[in-house]
Protein chains: 2
Amino acid sequence: MTGTARRPTIVDVARAASVSKSLVSAALRGEPGVSAASRSRILAAADELGYRSNGWAQRLVSGRSSLVGVLLTDLRNAYQTDIVNGIEDAAAAAGFDVVLSHGRRDRELLRERLASLTALGVDAVIAVTGHLDADDLAALADRVPMVVVGRPASVPDAAGWIRNDDETGARLAVAHLQERGHDRIAYVHGSSRPASIARRDAYRALVTEAREYDVHDDGIARLLDAVAAGGPTAAFAANDRIAAQIVAEAVDRGIRLPHDLAVVGYDNTELADLIRPGLTSVDQPRGEMGAAAMAQALGLLDGGVPEREVASPTLVVRGSS
Amino acid sequence: MTGTARRPTIVDVARAASVSKSLVSAALRGEPGVSAASRSRILAAADELGYRSNGWAQRLVSGRSSLVGVLLTDLRNAYQTDIVNGIEDAAAAAGFDVVLSHGRRDRELLRERLASLTALGVDAVIAVTGHLDADDLAALADRVPMVVVGRPASVPDAAGWIRNDDETGARLAVAHLQERGHDRIAYVHGSSRPASIARRDAYRALVTEAREYDVHDDGIARLLDAVAAGGPTAAFAANDRIAAQIVAEAVDRGIRLPHDLAVVGYDNTELADLIRPGLTSVDQPRGEMGAAAMAQALGLLDGGVPEREVASPTLVVRGSS
DNA sequence: CTGAAAGCGCTTACAG
DNA sequence: CTGAAAGCGCTTACAG
């Protein structure tokens, strides 16, 4: 029983090293004007006492947290992982730590998390989500540098923005199917958020007759019924998850892929590689997008103006088409 | 040009409401002994000025952050999502915010993140990972309440621990295959970490002849060669990802599932539902495990002793077996 | 090269 | 019910 040891502070170190706390502070931060003798005595004392600096105090006095908050729509969404990696690498290079927060695709929860993140005191927020719109973001964007990755309904003027070019992505997918000889191509979506709408519009512009299915309206079953009845011979899905569901149900029905039905997804997630047939999918440069988002956040912190960036997707062809 | 507005503090609010800052603090925190008149004047002034409390200062003075840090092995691992949800719900109920950090299966990075989390000043850490061992965790476990979810090589005495019962899970899987008439069952793994070893040992105890394959040693190809040569008729995989790879390569080779080869995975992730045939898999009660982890963390914060909990898995049968 | 003072924005006793 | 003082653990000028 030695009693509850109070966590040592800079003052304890100063006493142990017989110097002032100012000097301890300077030595600990590695400032130049400290004699080698004092420095080593201070470092030894700090080590001996098991001293750890108190982050709250440092941040209070410096006014900077060196923390960037990243808000994720949903951990389950494989699409975000590489974006986060991109952000983390760029953050580490700039001396920032990243804290992740997660909203489970629930707009209300996303709003709460966003508020918590700023209440935490992060220097900047990167929102990787299409589930919030300008109303949700605007209030905070005025108070903390913010950049949005993805395609929400709208982005506040004060926020930076980076997204992929959905129109080009959709064109790559549809043109690929057409080159493969398909002229009856369906579009299958699960929401009417901007990214999906943009992909749909690009699709519509390329096909002679639009055949659209909503997964929430039994769309996959209806699509496959139509396929069996001599309808579409190919389907472009708004994302890989939907594409995987189409593939799964098609296999269940004995529809041969890609012979009876070719399928193309969007996002080129891990899933595309794991299902059979492998899924042809549009790939966003996620790592780069994450790095660009962090770069913009740093720019905003330096007083820069918010930018709008659009990244170019590519097509990765696999066995499903 | 109104100049850079300094963020208002409690002192600004006090001045605007013509009261002392102590009273502002009391009113803002909703303490009882403040007259209705003062309270409403203070709240109005705070609102008017757009006052936001400074978290760093609050935490510095209170010594509590109401933050729990969660360290994730890898965002890509679908297994963790429900655990995180369980933690988040339990944390919210207790008035805690959750910050996530992510180590990309890289032990060195995981260690760094763990250090950052404690340097951030979280009140407790929950490590959802089997990639760190007691050495990595011990130093921190003495300084901050910590609970481990999963099965690392070892867990420090000072840390709480919750994991699933791998032996039971493996027994469920193997017994299921045996009931289906299989007597030549293979075990396919991708690492020699404790969870995998425990599953393997339970497997060995149940089969007459062990047939083990390591995915990093071309194991899946060798397994499928053996299957074609009249060897194993079933495979138990250490996790869903490996199981999905087996299924994919089997499909590529024209091996019929489950007729020529039955497959069972572990974790019952989303993947199990999306591939075809659907994957039979052992399910851990992830939400409950997350909630239990947070409960333990709160217990440790209240001076409780670390506990060791083991959750019971169940088997979810799908078309692959 | 080193120390004493002031201050970051808040909360916590303690008087009145 | 309200205010003045002290203090949380640090950093930032500023003297010497």
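Throughout, protein chains are lettered first and strands after them, A, B, ... in sequence-line order, and every chain is numbered starting at 1.
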Dot-bracket for DNA chain D, please, read 5' to 3', with Watson-Crick or G-U wobble pairs under 3.5 Å on both distances, ( ) within the strand, [ ] crossing, | other strand, . unpaired. |||.||||||||.|||
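Listed by residue number, the members of residues 38-45 of chain B with any heavy atom below 4.0 angstrom from DNA chain D are S38(B).
Residues satisfying the salt bridge (charged side-chain N to carboxylate O under 4.0 Å, His left out) criterion with E31(A), sequence neighbours excluded, are R29(A). R104(A) is linked by a side chain to side chain donor-acceptor pair (under 3.5 Å) to N85(B), E88(B), D89(B), counting only residues two or more places apart in sequence or in another chain. Under the rule for a side-chain contact (heavy atoms from CB on, under 4.5 Å), the partners of R52(B) that lie at least two apart in sequence or sit in another chain are R143(A), R7(B).
Looking at L114(A) and V125(A), their side chains come closer than 4.5 Å, going by heavy atoms from C-beta outward. Annotation: side chain of H131(A) is not in contact with side chain of D106(A) (no heavy-atom distance under 4.5 Å). Counting heavy atoms from C-beta on, the side chains of I83(A) and I126(A) never come closer than 4.5 Å.
Interatomic distance, CD1 of I42(B) versus OG of S35(B), reported as 7.5 Å (0.5 Å rounding). The line from OG1 of T118(B) to CG of L140(B) is 4.5 Å long, rounded to the nearest 0.5 Å.
With hydrogens and angles ignored, the 3.5 Å screen pairs a side-chain donor or acceptor of R41(B) with a backbone N or O of A17(B).
Checking D123(A) against S65(A) by side-chain atom types alone, a donor-acceptor pair falls below 3.5 Å.
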Sugar-phosphate or base contact per nucleotide [nucleotides 3-10 of chain C; S, B, -; heavy atom under 4.0 Å]: BBBBBBBB
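A residue-by-residue look at A36(B) and A26(A) shows that A36(B) has its nearest nucleotide of DNA chain D further toward the 5' end.
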